[in-house]
Amino acid sequence: MLLRLPGLIDPHVHLREPGATHKEDWQSGTSAALAGGVTLVLAMPNTQPPITDTDTLNLVLQAARRKALCDYAQYLGATPENVHLAPGLASRVAGLKMYLDHTYGPLRLADMMTWMGHLAHWPAEVPLAVHAEGRTLAAVILLASFYSRPVHLCHVSRREEIVIIRAAKERGLKVTCEVTPHHLFLSEEDIPAIGQGRAEVRPVLASPVDRQALWDNLEVIDCFATDHAPHTLAEKDGPTPPPGFPGLETALPLLLTAVSEGRLTLDDIVQRYYVNPQRIFRLPSQPETWVEVDAEAAWEIQGANLLTRAGWTPFEGWRVRGRIVRVVVRGTEAFRDGKVLVSPGFGRNVREELA
Ligand code: NCD
Ligand code: ZN
Ligand code: ZN
């Protein structure tokens, strides 16, 4: 029996172009999106060069326009230098991303004065997403409250973080958050099986208690987001493994498996992987766009079969239930039975004015 879901919206993906197309590019990354039932991706700015001004934004949007297979918007990265320039680009981007803790790429903002500057100047109605862990998360919620501006907390992974977000929401603060499949389904106990280098990810895989706290606070979680962060196996198995997991193609099957086990409902998925991301990130609806899944189909996840250029997955060998059979985007059959059917350039920038 085929189920029909809306085209999914992933508000947190890394596509690596410009600068690291051996890991992923706009074509391979958006192929992986379609294969995962995702029809709209918001692309992160920690590329090489990072996307922080007009020139770099034009550069990435040029590649996206030529190569994207699903719809998209691009984030702008916050720097100490672009506090006053960034708002001028707000209408063209998915939102502003501030990296407040150490992770992959050069965009970490060390100085809290810079955080304040962006929180004060970035338009309140345009999304602002942050990588903020632990005490940093508490700090940025406080600072955002000074300006009564919404802030979206990326990849929440620990008990103290989800508890603080609950407390902030109960007090009426404008916070929203996302959780990744890997923090819902993996913990530090899985590191030996995955392998030390491959298991590197930010935020790190947490304790089983942290993981359980995410499930126990499901109603506080606004979005599921993959944080699709492809690095090659050579890099992950090398001497300085970069942090990040590919995730676009495994997210929905893992979530559907949780549905089949009674841990989640289909509506939980639709709310967090479509309805809430569309509202929070102020995205237009994609007409005649849907995903058909065979909810009964059991299969085994194998990195070698994925369309991402990463070529591996932390879920290697996992038995899942739920296969993406067909994806229709704006009335066009874009993916069917493992094959992408649209051409590079089919994807549209949802922030671009329609001519
Ligand atoms: C991300 C990447 O590789 O770009 N890595 C990760 O471990 N999540 C960066 C990030 O999202 O923090
Ligand atoms: Zn991050
Ligand atoms: Zn990320």
Side-chain angles (χ1 to χ4, degrees), residues 10-26 28-29 32-33 38 41-52 60 72-78 94-109 115 127-134 136-137 140 151-158 161 177-186 188 190-191 194-206 223-236 238 240-248 250-251 277 281 308-314:
D10 193 331
H12 190 150
V13 307
H14 298 268
L15 297 178
R16 307 306 190 198
E17 184 173 11
T21 52
H22 67 287
K23 297 178 196 272
E24 199 80 289
D25 70 4
W26 274 86
S28 62
V38 172
V41 294
L42 304 187
M44 284 292 163
N46 63 334
T47 47
Q48 294 162 3
I51 309 309
T52 59
V60 70
Y72 61 89
Q74 171 67 45
Y75 276 98
L76 189 70
L96 184 71
K97 176 68 181 287
M98 297 206 298
Y99 290 90
L100 308 185
D101 285 305
H102 195 73
T103 186
Y104 183 71
L107 286 175
R108 178 166 180 234
L109 301 175
W115 312 3
L128 194 162
V130 296
H131 178 135
E133 303 183 35
T136 311
L137 178 135
V140 75
V151 63
H152 179 77
L153 304 156
C154 294
H155 47 43
V156 170
S157 66
R158 297 187 187 95
E161 294 168 354
C177 72
E178 64 186 39
V179 168
T180 70
H182 50 272
H183 292 115
L184 283 172
F185 293 102
L186 299 171
E188 60 195 3
D190 297 293
I191 294 174
I194 297 169
Q196 198 77 43
R198 294 187 193 192
E200 282 290 349
V201 67
R202 297 292 176 276
V204 297
L205 294 179
C223 307
F224 294 140
T226 60
D227 191 13
H228 178 80
H231 301 285
T232 65
L233 261 187
E235 293 162 335
K236 295 295 279 183
T240 51
F245 296 161
L248 277 166
T250 47
F281 294 92
T308 173
R309 208 159 274 164
W312 76 284
T313 163

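Atoms within each ligand, like the ligands themselves, are counted from 1 in listed order.
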- Message: Less than 4.5 Å apart, side chain to side chain, heavy atoms only: is that true for L233 and R198?
- Response: yes
- Query: With distance as the sole criterion, is a donor-acceptor pair present between the side chains of T136 and D101 under 3.5 Å?
  - Reply: yes
- Message: My understanding is that only one of R16, H14, H228 makes a side chain to side chain donor-acceptor pair (under 3.5 Å) with E24; could you say which?
- Response: H228
- Query: Any idea which heavy atoms bring T308 and P246 closest together, and the distance?
  - Reply: CG2-CB, 4.1 Å
Under 3.5 Å, N/O to N/O: give me all the pairs between ligand 1 and the protein, one per line with atom names and distance.
{"from": "ligand 1", "atom 1": "3 (O)", "to": "R16", "atom 2": "NH2", "distance (Å)": "2.7"}
{"from": "ligand 1", "atom 1": "3 (O)", "to": "H231", "atom 2": "NE2", "distance (Å)": "3.0"}
{"from": "ligand 1", "atom 1": "3 (O)", "to": "P243", "atom 2": "O", "distance (Å)": "3.0"}
{"from": "ligand 1", "atom 1": "4 (O)", "to": "H14", "atom 2": "ND1", "distance (Å)": "3.2"}
{"from": "ligand 1", "atom 1": "4 (O)", "to": "R16", "atom 2": "NH1", "distance (Å)": "2.9"}
{"from": "ligand 1", "atom 1": "4 (O)", "to": "R16", "atom 2": "NH2", "distance (Å)": "3.4"}
{"from": "ligand 1", "atom 1": "4 (O)", "to": "N46", "atom 2": "ND2", "distance (Å)": "2.8"}
{"from": "ligand 1", "atom 1": "5 (N)", "to": "P243", "atom 2": "O", "distance (Å)": "3.1"}
{"from": "ligand 1", "atom 1": "7 (O)", "to": "R202", "atom 2": "N", "distance (Å)": "2.8"}
{"from": "ligand 1", "atom 1": "7 (O)", "to": "P243", "atom 2": "O", "distance (Å)": "3.3"}
{"from": "ligand 1", "atom 1": "7 (O)", "to": "G244", "atom 2": "N", "distance (Å)": "3.3"}
{"from": "ligand 1", "atom 1": "8 (N)", "to": "R202", "atom 2": "O", "distance (Å)": "2.9"}
{"from": "ligand 1", "atom 1": "8 (N)", "to": "D227", "atom 2": "OD2", "distance (Å)": "2.7"}
{"from": "ligand 1", "atom 1": "11 (O)", "to": "H14", "atom 2": "NE2", "distance (Å)": "3.1"}
{"from": "ligand 1", "atom 1": "11 (O)", "to": "D227", "atom 2": "OD1", "distance (Å)": "3.1"}
{"from": "ligand 1", "atom 1": "11 (O)", "to": "D227", "atom 2": "OD2", "distance (Å)": "3.4"}
{"from": "ligand 1", "atom 1": "12 (O)", "to": "T103", "atom 2": "OG1", "distance (Å)": "2.6"}
{"from": "ligand 1", "atom 1": "12 (O)", "to": "H131", "atom 2": "ND1", "distance (Å)": "3.0"}

- State, to 0.1 Å, how close P11 and F224 come at their nearest heavy-atom pair, and which atoms those are. CD-O, 3.8 Å
- Quick one: sort the Y99 and H131 rings into parallel, tilted or perpendicular, breaks at 30° and 60°. tilted
- Item | Least distance between heavy atoms, H183 atom then P203 atom | NE2-O, 2.9 Å
- Message: Tell me if the aromatic rings of Y104 and H231 count as close, with their centers under 6.0 Å from one another.
- Response: yes
- Query: In the shown structure, where waters are left out, how many protein N, O or S atoms lie under 2.8 Å from the Zn ion (ligand 2)?
  - Reply: 2
- Would you call the rings of H12 and H155 parallel, tilted or perpendicular if under 30° counts as parallel and over 60° as perpendicular? tilted
